[in-house]
Amino acid sequence: MDSMAFPKGFLWGGAIAANQAEGAYLADGKGLTTVDLMPTGKLRWEILLGNLPSYEPLEGEFYPSHEAIDFYNRYKEDIALFAEMGFKALRLSISWARIFPNGDDLVPNEAGLQFYDNVFDELLKNGIEPVVTIAHFDVPVNLVKNYGSWRNRKLVTFFETYATTLFKRYKDKVKYWMTFNEINMLLHLPFVGAGLVFEEGEDKKQVKYQAAHHQLVASALAVKAGHEINPDMKIGCMLAAGQTYPYSCNPDDVFDAMEKDRDSFFFIDVQSRGKYPGYAKRFFRDNNLNIVMEAGDEELLKNHTVDYLGFSYYASRTTSTDPEINKTTSGNVFGSIENPYLEKSEWGWTIDPKGFRITANQLYDRYQKPLFVVENGLGAVDVPGENGEVNDDYRIEYLRKHVSEMSEAIEDGVEILGYTSWGPIDLVSASTGEMKKRYGYIYVDKDNEGNGTLKRSKKKSFDWYKEVIASNGEKL
């Protein structure tokens, strides 16, 4: 299957996150983040609720993020492997708590800043463009405990200080930025997405949408600061995307699918178009939500929209209003009615390459801004053979079909800046802490309990992706 669609300078690469790769969770002055409080698949609420004065890991519990895959100490080795594959870009995130350990510190932590200087220098030396997410699911614990996280307007100021610090420090090293990873996850995983811990009896919708407003204002302030510090910077937003299909042509199903998509578009409508859409205002009225805005917020949102739209695509979704149709499947947090036309991964996620093309077209039609595919991939159990080899033909097949549909989207006229597949090196799973669920072209010797040597080795997909990049997507 050949394709000629990819433009010159297309940014091929991979994507990782600080909290799933770095480890070194308290090294060199780093503070605690929400992820550090999670033994495998759980969360230690008692710390956030103030019942414990300090954080001590529970005996006998394994905390995946504490060591992760030790990218903090092995980044040169990993970047060398990415360079060998021919990466043009690496999407990564900065840990807020490495720079401001408590989130509200007056002075940044120099050791943390220097670490990312070293990483960016290593990437640039290898011809790899850093694509940097400012906040990727790891709020400093102090901001949760003492401010209630993003429900508090003060976080807007803390985030602006953090973002401005990064822009000033790395203005000559990083061109592409994103403000919040999968910002729409705030509605579905409020703790992971925004560090929100609810009190009993609280109106969760009110808290979530107020927190969303604060994040949207913080994002606009970051865009403003970045453009003032270096007008050549490209600052984007990031959406967990995936078209919602109506299960039938019943108008109720079609309307329900539209509404479910709007749950996510709401954020990007504000970040890309600069104002709250009418359907969101109606939603606030219908649900008696009073979103507190400060003078100047609307003008700020209007004047500082994003330069491009980053998005993750793993699966489409399906919805039905018929109570008889209730067979569901899981996905990237978004539960869905099972689509009878599609296969599923080992984790029950729908596999829908054509949905990738549909989603890209839908986003570009809606926003008319360049897109950047910053996550896509297949999580699977990879079992090494006798000699340690991993023949992950299933992953190659998944990626081949998705990249092919991406090329079709480009032929459709969709402007796409690049493609950074998720987890080019095996990572710790964000939601469950598993290592068993692997996405990488590079195998990392570590299991769910934290055992293993952390040795890196190439899977079959390594050479496949290397050829895809070398041919600029012509050889799939």
Side-chain angles (χ1 to χ4, degrees), residues 11 13-21 88-96 98-99 116 119-120 123 128-139 150 156 159-160 162-167 169-171 173-186 192-194 212 214-227 229-230 232-241 264-265 267-274 301 304-314 332 360 363-364 367 369-376 415-424 430:
L11 294 171
I16 63 173
N19 69 76
Q20 291 165 265
K88 312 294 182 202
L90 179 71
R91 181 201 169 204
L92 68 165
S93 68
I94 289 177
S95 169
W96 191 344
R98 279 206 199 283
I99 311 304
Y116 293 106
V119 171
F120 298 150
L123 288 169
I128 300 172
E129 187 95 49
V131 178
V132 179
T133 313
I134 297 171
H136 192 131
F137 295 168
D138 53 359
V139 181
W150 280 100
V156 174
F159 185 84
E160 184 186 12
Y162 166 49
T164 304
T165 302
L166 301 183
F167 295 147
R169 177 77 170 220
Y170 307 122
K171 65 181 185 292
K173 297 182 182 183
V174 180
K175 178 182 176 184
Y176 294 97
W177 299 85
M178 279 171 284
T179 51
F180 292 93
N181 178 67
E182 295 187 330
I183 190 167
N184 50 319
M185 284 297 186
L186 187 159
V192 172
H214 292 153
Q215 286 198 343
L216 292 166
V217 171
S219 180
L221 283 166
V223 172
K224 179 176 186 285
H227 287 159
I229 289 163
N230 181 351
D232 292 334
M233 278 181 191
K234 300 294 178 199
I235 305 165
C237 55
M238 200 273 192
L239 169 74
S264 297
F265 290 152
F267 294 89
I268 312 302
D269 282 352
V270 178
Q271 289 176 296
S272 286
R273 293 168 159 177
L301 295 172
H304 303 287
T305 56
V306 293
D307 299 312
Y308 68 93
L309 167 59
F311 72 99
S312 59
Y313 177 83
Y314 293 98
N332 181 19
L363 293 173
Y364 194 67
Y367 299 114
K369 288 192 175 185
L371 306 183
F372 202 144
V373 182
V374 294
E375 286 185 33
N376 170 241
E415 186 184 352
I416 301 180
L417 299 170
Y419 174 83
T420 56
S421 62
W422 178 247

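All values below were derived from every heavy atom in this structure, side-chain atoms included, with hydrogens, water molecules and symmetry-related copies excluded.
- Here the CE-CD1 distance, from Met238 to Ile134, works out to 13.5 Å after rounding to the nearest 0.5 Å.
- Side-chain contact check for Phe311 versus Val373: some heavy-atom pair is nearer than 4.5 Å.
- Annotation for Ala225 and Thr164: closest pair CB-OG1, 3.6 Å, computed over non-hydrogen atoms.
- Within the 4.5 Å cutoff, the side chain of Asp307 has heavy atoms near those of the His227 side chain.
- Taking the centre of each ring, Tyr314 and Trp422 stay at or above the 6.0 Å mark.
- With hydrogens and angles disregarded, no donor-acceptor distance shorter than 3.5 Å links the side chain of Tyr176 to the backbone of Gly236.
- Proximity of a side-chain donor or acceptor of Lys369 to a complementary backbone N or O of Val306 within less than 3.5 Å is detected.
- Contact annotation: the side chain of Met178 never approaches that of Phe372 to less than 4.5 Å [non-hydrogen atoms, C-beta and beyond].
- To the nearest 0.5 Å, atoms CE (Met185) and CZ (Phe267) are separated by 11.0 Å.
- Ring pair Phe159/Phe180: centre-to-centre distance below 6.0 Å.
- Taking each heavy atom of Thr305 and Arg273 in turn, the nearest pair found is CG2-C, 4.0 Å.
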Checklist line | side chain to side chain contact (heavy atoms under 4.5 Å, CB included) between Leu363 and Phe265, worked out | finding: CA-CA 9 Å; Leu363 293 173; Phe265 290 152; 3.6 Å; yes

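- In this structure the side chain of Thr179 reaches within 4.5 angstrom of the side chain of Gln271, judged on heavy atoms.
- When all heavy atoms of Ala18 and Ile94 are compared, the pair lying nearest together is CB-C, 4.3 Å.
- The two residues Pro424 and Ala15 make their nearest non-hydrogen contact at CD-O, 3.3 Å.
- In this structure, Asp269 and Tyr367 have side chains that are in contact, with non-hydrogen atoms separated by less than 4.5 Å.
- Taking CD1 of Ile16 as the reference point, atom NE2 of His136 lies at 10.0 Å (rounded to 0.5 Å).
- A pairwise comparison of heavy atoms in Met233 and Trp177 identifies SD-NE1, 3.7 Å as the closest pair.
- For the side chain to side chain contact (heavy atoms under 4.5 Å, CB included) test with Val132, the passing option among Leu90, Ile235, Leu92, Leu166 is Leu92; the others fail.
- Looking at heavy atoms from C-beta onward, Leu216 lies in side-chain contact with Ile183 at the 4.5 angstrom threshold.
- With respect to the salt-bridge test (charged N to carboxylate O, under 4.0 angstrom), the residues Arg91 and Glu375 qualify.
- Taking NZ from Lys171 and CD1 from Ile229, the interatomic distance works out to 8.0 Å, rounded to the nearest 0.5 Å.
- Aromatic pair Phe120/Tyr170: centroids less than 6.0 angstrom apart.
- Rounding to the nearest 0.5 Å gives a distance of 13.5 Å between NZ of Lys173 and CD of Glu129.
- The two atoms that bring Cys237 and Ser272 nearest to each other are SG-OG, 4.3 Å, heavy atoms only.
- Panel note: side chain His304, backbone Val223; no donor-acceptor pair is recorded below 3.5 Å.
- To the nearest 0.5 angstrom, Tyr162 atom OH is 6.0 Å from Ile99 atom CD1.
- Using a 4.5 Å heavy-atom threshold, the side chains of Thr133 and Val374 count as separate.
- Formation of a donor-acceptor pair under 3.5 Å by the Asn184 side chain with backbone atoms of Leu239 is not found in this model.
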